[in-house]
Every structure is written in C-alpha cells, then in structure tokens.
Amino acid sequence: MYQVATHAQAVPLARVECSLVFREAPAWSQWLLAGNANEGGFNFMAERAQPTDLELAALISSKICHDLIGPVGNINNGLEILDEEEDADARAHALEVIRNVTETASARLQFARFAYGATDAAGAKIDLATCEELSRGLIGTGKHKLIWQGLKGQIAKDKAKLLLNLLAAAPMAIPRGGAIEVEIGGTLAAPSFEIRCQGTSARPPQYLGDFVNGPAPAVNAMNIQAYYTVRLAMASRMRLVVVKDGPDVVLAAKG
C-alpha cells in the first residue's frame, strides 16, 4: 500500500464505458460461464476516472518505484554494514540480507516488465510458462503459496498482462497468508482465468473490488494497479468478477 501522500492526487475525469460485475453467490462460476453479464443489478455502465496517457505513465512509474524502493534501500543498508562492520557474523548476515533483497528486487523488476511494459511487436503473445515463472518470483516462498494449473502455450499479450495483474492483487485478499490457486481454462485464443485466494479472513482486494463494484474512485497512485487491471480487461474484452465464495475470495476473468 502506498504511504507517500504526494503521489496520491486524483486525476481529471473523462468518459469511458466499462462493463464489469460484482457478485456474491455460491454458484458464481456457473453464473460466469453462462455469460450472464446483463443479470439485473450486477451489470453497470459508469463513468470512470480515466487519466491521460502521460498521467497513466506517471502513476505506473510511481508504483514501480514504490515496489522497488524497499528492497533497494535494504541493499544499501547491507552495504553500509559491510563497510562499517568487522565482525564476521555481522558481515555474513549483511551478505545474506543483500542476497535476499536483490532476488526480491530482480523478481519485481522482471514482473513489472511484463505486467506493465510493452512488448517488441504489435500482436505479440506471451507464454503462460513465462507468466507462471514471473508469478512465482513475485509471490516468493513466504506466507503465500502459489498453485498453478491449466492451459499451456502462448496467449495474447493483453490477456497475459491481465492475468499477471490479477495475480498481483491476490496477496491483498489474504494479507495473513495462505494459498493462491490459479486455474487457466478455455482455449489459448479465448482463455479464462480463476484465481482462488484461500486464507484466514480472506476479503476482496480493496482497490480492485472498488473498481469492479463501483462507484469508481478517483485514480491515484494507491489504486493505479487496480485501475490498470480494469483497463486491461476492457482491452481484452473480458468480464471481471471479484467474489467472496464461502471462506475464499475468487478473482476471475472470462471473455
């Protein structure tokens, strides 16, 4: 979550139509697969806070910097310890810290390159094996466990970016830790994504839930990743669902 208030300015409103859904029901998957996007009360067309291209680039840049400043700062701290300490145990600990946070920074950079960056050519595709590798690097081996199953092969870049951004929101649904199960169905041309978050006190990710449920908040540096996820869903012509399914939270997208 962002703490730097100077980056949290709202941006001007512009008109953009978006068809998204929010539902809480035990049979949510059957409802989604049936394509009932017009079921009363859950489909809405709304005005969304839409930043200009320059503002969008600035907000995403701010998020990437925020995600990296922690591990990079810890690398600097470790180097300072190496400069000042002569104790062998302290130096060994500093090296271990540097090694760990360097891996974290590298994983976040690689993830950001695909989740937010541009590919080399228009119409390019991204391999789902790459998406899995990037996701495992982002989630790490701490309190969250990633389980990945389903299709293999290449999918359209915007759909792959949508999958990665949904995955990035998943840990916020189970802040105390737990399992994140990714299921990729459909076909490579028309995939569907289901991310089930299982953990204590699971709840819909705050900002993504806000954009899907409405009313849409003003776009700022705290919620830019959720807003960008919605934009990717629109570009991919996929419906988003954020749902509490019993004790779990499910994030899903289907064309």
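Just so you know, residue 1 is the first one in the sequence shown, and it goes up from there.
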* Asked: Under a 4.5 Å cut-off applied to non-hydrogen side-chain atoms, are I174 and I180 in contact?
  ->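 A side-chain contact under 4.5 Å exists here.
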* Asked: Should V249 and L251 count as side-chain neighbours, where that means a heavy-atom distance under 4.5 Å?
  ->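 SC-SC contact between V249 and L251 confirmed.
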* To do: Answer yes or no: is there an ion pair linking K152 with D127, defined by an N-O contact shorter than 4.0 Å?
  =>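 No.
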* To do: Output yes when R196 and D248 qualify as a salt bridge under the 4.0 Å nitrogen-oxygen rule, no when they do not.
  =>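 Looking at D248 together with R196, the answer is yes, because their closest N to O distance falls below 4.0 Å.
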* T130 side chain vs I126 backbone, donor-acceptor pair below 3.5 Å ->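 Side chain of T130 to backbone of I126: no pair is present.
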* Asked: Between the main-chain N or O of A190 and the side-chain N or O of K254, is there a donor-acceptor pair closer than 3.5 Å?
  ->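 A pair under 3.5 Å: no.
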* Name all residues meeting the side chain to side chain contact (heavy atoms under 4.5 Å, CB included) criterion together with D87; count only those two or more places apart in sequence or in a different chain, and write none if there are none. =>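 For D87 the side chain to side chain contact (heavy atoms under 4.5 Å, CB included) partners, ignoring immediate neighbours, are E85, D89, A90.
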* Asked: Who pairs with N76 by side chain to side chain contact (heavy atoms under 4.5 Å, CB included), at least two apart in sequence or on another chain?
  ->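 With sequence neighbours excluded, N76 shows a side chain to side chain contact (heavy atoms under 4.5 Å, CB included) to E80, given in chain and number order.
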* Asked: Counting heavy atoms not belonging to I147, are there more than 12 under 6.0 Å from its CD1?
  ->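 More than 12 within 6.0 Å, yes.
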* Inspect the surroundings of CG in D83 and state if more than 12 heavy atoms from other residues, nucleotides or ligands are less than 6.0 Å away. =>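 Yes, because the 6.0 Å sphere around CG of D83 holds more than 12 heavy atoms from other groups.
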Nearest 0.5 Å, what's the [atom1]-[atom2] distance between [X] and [Y]?
X	Y	atom1	atom2	value
L162	L167	CG	CG	11.0 Å
F211	Q206	CZ	CD	11.0 Å
I224	L56	CD1	CG	5.0 Å

* To do: Among residues two or more places apart or on two chains, list those pairs meeting salt bridge (charged side-chain N to carboxylate O under 4.0 Å, His left out) that have a residue in residues 135-150.
  =>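 Listed by first then second residue: E132-R136.
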* Asked: For residues 95-105, which residue pairs qualify under salt bridge (charged side-chain N to carboxylate O under 4.0 Å, His left out), counting only residues two or more places apart or in two chains?
  ->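 Only E96-R99 qualify under salt bridge (charged side-chain N to carboxylate O under 4.0 Å, His left out).
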* Could you check N77 against V97 for side chain to side chain contact (heavy atoms under 4.5 Å, CB included), going step by step and ending with a plain yes or no? => CA-CA 9 Å; N77 292 339; V97 169; over 6 Å; no
* Asked: For residues 163-190, which residue pairs qualify under side chain to side chain donor-acceptor pair (under 3.5 Å), counting only residues two or more places apart or in two chains?
  ->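 Listed by first then second residue: Q149-E183, N165-Q225.
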* **Pairing residues for D158 by the salt bridge (charged side-chain N to carboxylate O under 4.0 Å, His left out) criterion, not counting sequence neighbours** =>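 Here no residue qualifies.
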